[in-house]
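Following: one structure in structure tokens, then a few remarks.
No hydrogens, no waters, no symmetry mates; every other heavy atom, side chains included, goes into these values.
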Amino acid sequence: MSALIRVAAFVLVLPLSACVSIDLPDAVERTVTKTFTVQPHSTVHVTLRGGSISAETGDPGAVKVMLVERVNASTDSQIDALLADYDITLKQDAGDVVVSARRRSDDDWKLWKANRVHISARLVVPSDVKLAFDTSGGSIAVRGDRHDALKADTSGGSITVDGGAGELDVDTSGGSISVKRVLTSLKADTSGGSITVGYVGPHATNVDLDTSGGSIHVGVDADASLRVDAGTSGGGVGVDGLTMSDVERGRSHIRGSINGGTGRLRADTSGGSVTIKAARE
């Protein structure tokens with residue numbers, strides 16, 4: 001390339017770079033807080049178009065919601081204009097709590113503005129209410145013992161759950177899953193990460209684990225009664241410290257029963273190993 005052409009190319013590229021580079025103002029946070037009175041076994045629904053959801057266990061009968069709006073803007077009027085593109089709901093409907101934050105439009109201009117707005121939810125909830133969490137752009141974390149059902153779904157982050165006696169159903173398309181305790185049932189599915197279950201209790205009835213992109217590690221109480229079906233397309237399968245009967249073993253799978261196998265443990269991965277070992281609570 002001649003020197004003249006190189007100079008011309010440089011001159012042409014310079015203004016384009018200047019147009020792409022945009023300095024955004026520092027983020028400003030606003031927090032909307034609301035507390036609801038709830039009965040046992042009611043449901044707390046949280047739906048975010050993009051943002052993380054976290055919850056911790058608190059006192060019976062009360063749900064505290066903190067919706068954190070993080071906005072890249074310089075003035076209150078700019079913040080209000082950006083948030084005007086969102087439908088934000090915090091209400092109680094027939095005893096259930098409903099929290100949502102969704103953009104009204106996905107056209108290019110409003111999508112650019114949406115990148116300047118990040119809305120996350122933090123909650124304090126009783127252990128005896130159902131949780132239904134859904135976000136398309138963040139992680140989900142649920143801390144504390146759960147006595148009622150949990151359903152958590154995200155398209156873009158990890159899921160971390162302490163667990164407990166409630167039924168657990170967790171799904172992510174873009175991250176790992178970690179569950180500390182399963183005392184009844186768990187369904188966990190991820191397309192992009194590992195699954196770790198610290199402890200499966202002696203009365204667990206159904207544990208179903210599936211990943212397309214990572215390893216699976218499960219700790220099982222030695223007194224649990226489970227029919228084990230574990231397989232992988234991309235690694236090994238191992239069972240350690242647990243006595244199994246009716247064993248069928250291959251290079252990439254193992255099937256058999258622990259203590260008669262009245263319940264079920266299925267673990268399947270296409271991209272890693274499966275490890276099942278004895279554990280204590």
Side-chain angles (χ1 to χ4, degrees), residues 27-73 75-144 146 148-161 166 168-174:
V28 176
E29 279 194 4
R30 289 179 175 179
T31 302
V32 180
T33 302
K34 195 164 185 178
T35 300
F36 302 90
T37 300
V38 294
Q39 298 297 318
H41 312 303
S42 56
T43 303
V44 179
H45 302 268
V46 180
T47 305
L48 302 183
R49 187 58 185 269
S52 62
I53 303 172
S54 63
E56 60 182 82
T57 300
D59 295 332
V63 170
K64 182 178 181 181
V65 180
M66 291 153 283
L67 205 61
V68 181
E69 304 164 345
R70 185 176 175 85
V71 185
N72 289 99
T75 65
D76 286 341
S77 60
Q78 290 176 351
I79 294 172
D80 292 338
L82 289 166
L83 289 175
D85 287 333
Y86 283 77
D87 286 319
I88 296 175
T89 302
L90 290 92
K91 68 177 183 179
Q92 196 157 15
D93 184 6
D96 292 343
V97 175
V98 179
V99 179
S100 67
R102 301 183 181 186
R103 289 195 305 271
R104 293 195 177 100
S105 173
D106 284 334
D107 66 58
D108 291 341
W109 170 241
K110 289 191 175 181
L111 185 60
W112 177 80
K113 291 203 296 182
N115 290 333
R116 300 173 63 182
V117 179
H118 300 276
I119 301 177
S120 59
R122 304 172 190 164
L123 300 95
V124 181
V125 294
S127 65
D128 59 0
V129 297
K130 298 179 178 67
L131 303 179
F133 294 165
D134 191 324
T135 176
S136 59
S139 61
I140 297 176
V142 180
R143 299 297 188 184
R146 302 307 310 159
D148 213 326
L150 163 68
K151 183 172 177 57
D153 195 322
T154 175
S155 300
S158 61
I159 299 177
T160 305
V161 177
L168 308 172
D169 185 345
V170 295
D171 189 301
T172 175
S173 300

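Among all heavy-atom pairs drawn from R146 and V129, the shortest one is NH2-O, 3.0 Å. Considering all non-hydrogen atoms of both residues, T43 and A132 come closest at CG2-CB, 4.3 Å. In terms of heavy-atom proximity, T57 sits nearest to P126 at CG2-C, 4.5 Å. The two residues L48 and I119 come nearest to each other via the heavy atoms CD1-O, 3.5 Å.
In this structure, the side chain of S139 does not engage the main chain of S158 through any donor-acceptor pair within 3.5 Å. A donor-acceptor pair under 3.5 Å is formed between the side chain of Q92 and the backbone N or O of T37.
A heavy-atom distance below 4.5 Å is not found between the side chains of T31 and R70. The shortest distance between side-chain heavy atoms of K34 and L67 does not fall below 4.5 Å.
Ion pairing of K130 with D148 is present here, as a side-chain N (NZ or NE/NH1/NH2) and a carboxylate O approach within less than 4.0 Å.
Not counting sequence neighbours, Q39 has no partner by the side-chain contact (heavy atoms from CB on, under 4.5 Å) test. Applying the salt bridge (Lys or Arg N to Asp or Glu O under 4.0 Å) rule to R30 yields the partners D76, D80; only residues at least two apart in sequence or on another chain are considered. In this view, A55 and L123, V125, F133 satisfy the side-chain contact (heavy atoms from CB on, under 4.5 Å) rule, not counting sequence neighbours. Under the side-chain hydrogen bond (donor to acceptor under 3.5 Å, both in side chains) criterion, S52 pairs with no residue at all, not counting sequence neighbours. Remark: K151 pairs with D169 by the side-chain contact (heavy atoms from CB on, under 4.5 Å) rule, at least two apart or across chains. Listed by chain and number, the residues in a side-chain contact (heavy atoms from CB on, under 4.5 Å) with K64 are T33, T35, M66, V124 (sequence neighbours excluded).
When the options T154, V161, L131 are evaluated for a side-chain contact (heavy atoms from CB on, under 4.5 Å) with I140, the one that passes is T154.
Within a 6.0 Å radius of CG in D87, more than 12 heavy atoms belonging to other residues, nucleotides or ligands are found.
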Test I88 against E69 for side-chain contact (heavy atoms from CB on, under 4.5 Å), laying out the working first.
-> CA-CA 10 Å; I88 296 175; E69 304 164 345; 3.4 Å; yes
